2 protein chains.
Amino acid sequence: MELDDRGVYLLSHLGYHVADRFAHDLAPLGLQPAQFGVLTHLARSDGRSQQELADQLGVHRNAMVGIVDALEGRGYVRRARHPLDRRAHAVHLTESGRTALDAARAVADELEASVLTPLDAAEQASLIAMLHRLVDHAGLPPGVHPALRTRLPRV
Amino acid sequence: MELDDRGVYLLSHLGYHVADRFAHDLAPLGLQPAQFGVLTHLARSDGRSQQELADQLGVHRNAMVGIVDALEGRGYVRRARHPLDRRAHAVHLTESGRTALDAARAVADELEASVLTPLDAAEQASLIAMLHRLVDHAGLPPGVHPALRTRLPRV
DNA sequence: TATTGTTATACTCTATAACTATA
DNA sequence: TATAGTTATAGAGTATAACAATA
């Protein structure tokens with residue numbers, strides 16, 4: 001049995017490749033995958049505290065400081081007073097953050113199309129459905145995974 | 001479009017998870033993924049130099065020193081004089097190295113079965129065939145991928 | 001002059017702890 | 001006493017450079 005015939009090998013190989021390409025394609029927008037993750041969460045529910053964001057992304061709150069710093073430095077989010085807890089910051093998506101998120105999503109769509117090119121529409125749907133079942137079975141929490149944790153594109 | 005519906009997201013999420021579990025399951029054998037990779041290559045063609053092994057695994061020769069050190073320390077390989085080049089070492093798989101490799105392959109088989117449990121035999125074959133096509137299309141070199149580069153199981 | 005294996009160094013990342021201000 | 005955010009520190013991991021032996 002060759003390495004390349006194992007599903008686990010193919011999955012991890014392809015998974016790393018895709019995560020790597022995503023980080024690389026995202027770089028021109030000044031975004032890292034983890035930062036994209038934060039923008040995504042904020043788009044669904046704005047004004048989260050850093051601790052909440054950290055929990056949702058599966059990172060430590062210490063690391064979230066730097067992520068929010070970077071996003072704020074680019075004007076993609078702003079820290080505001082939290083209405084219920086004066087210890088916490090309410091992190092808000094700005095207009096340019098919204099624009100950046102849309103651009104990042106376009107990058108993800110292009111990558112998706114590029115990676116899945118060899119499959120026709122029915123095959124793509126079938127693949128995604130099967131991957132979904134595997135993810136569910138593995139008990140992986142939605143929206144949180146190690147590739148989003150850090151990772152700069154290597155030059 | 002939710003994150004979880006993207007193929008690229010599912011692929012990277014699952015890929016990282018599988019690589020992580022493999023490293024974890026391999027640890028009791030005293031092997032890291034990269035070391036498993038070296039044993040696999042030696043099983044196919046014994047007596048390679050460290051430089052050749054480094055090329056095949058996609059790591060730097062400096063890093064191969066430590067990998068071979070670890071394998072030699074456990075008695076899984078031995079460094080011998082290279083018949084053609086006195087600068088180089090010929091790395092040979094030992095009997096216990098062969099045993100360890102077989103055990104590691106069993107670990108990989110168990111992981112494969114565990115991960116793919118939700119799919120019936122036909123679906124598994126279909127998934128693997130599609131992944132194969134995606135890997136080929138992405139131009140990923142066989143037998144070399146980042147997850148095999150290092151990675152200790154996190155406690 | 002280039003290459004193999006090796007070692008040492010520097011750099012990056014990550015994880016932990018510690019501090020403050022609130023609760 | 002516990003928690004949110006922050007900062008500093010230490011530890012691990014990785015990459016780069018430099019060296020001796022040989023080609």
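Since this is a predicted model, take the numbers as computed values, not measurements. Sequence lines set the chain letters: A, B, ... in the order given, protein chains first and strands last, and positions in each chain run from 1.
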Whole-Å distance between [N] [atom2] and [X] [atom1]?
X       : N      : atom1 : atom2 : answer
B:Gln51 : C:dT6  : CD    : P     : 12 Å
B:Gln32 : D:dA12 : CD    : P     : 14 Å
A:Asp69 : D:dA8  : CG    : C1'   : 15 Å
A:Leu84 : D:dT3  : CG    : P     : 18 Å
B:Gln50 : C:dT6  : CD    : C1'   : 9 Å
A:His82 : D:dG5  : NE2   : P     : 8 Å
B:Arg81 : D:dA23 : CZ    : P     : 10 Å
B:Ile67 : C:dT6  : CD1   : C1'   : 15 Å

task = Check whether any side-chain nitrogen or oxygen of B:Arg79 sits under 4.0 Å from OP1 or OP2 of C:dT6, and answer yes or no.
result = yes
ask   = Okay, side chain of B:Ser49, backbone of B:Ala90: is any donor-acceptor separation there less than 3.5 Å?
value = no
request  = State which of D:dA23, C:dG5, C:dT22 makes the closest approach to the side chain of A:Arg86.
outcome  = C:dT22
Ring pair (Phe, Tyr, Trp, His ring centres under 6.0 Å) assessment of B:Phe22 paired with B:Phe36 = CA-CA 11 Å; B:Phe22 185 54; B:Phe36 168 73; 5.3 Å; yes
query = Would B:Asp120 and B:Gln124 count as having a side-chain donor-acceptor pair, cut-off 3.5 Å?
reply = no
ask   = Would you say the side chain of B:Arg87 and the base of C:dT3 hold a donor-acceptor pair, judged only by whether the two atoms sit under 3.5 Å apart?
value = yes
Grab the N/O contacts between the protein and nucleotides 17-19 of chain C below 3.5 Å, and write none if there aren't any.
residue: C:dA17; atom: N6; partner: A:Asn62; partner atom: ND2; Å: 2.3

With heavy-atom distances below 4.5 Å as the criterion, would you say the side chains of [X] and [Y] are in contact?
X       : Y       : answer
A:Leu39 : A:Leu31 : yes
B:Val8  : B:Leu11 : no
A:Val38 : A:Tyr76 : no

remark   = From the list A:His82, A:His89, A:Arg87, side-chain hydrogen bond (donor to acceptor under 3.5 Å, both in side chains) with A:Asp85 holds only for A:Arg87
query = Touch check for A:His89, heavy atoms < 4.0 angstrom, all strands: base, sugar-phosphate only, or nothing?
reply = sugar-phosphate
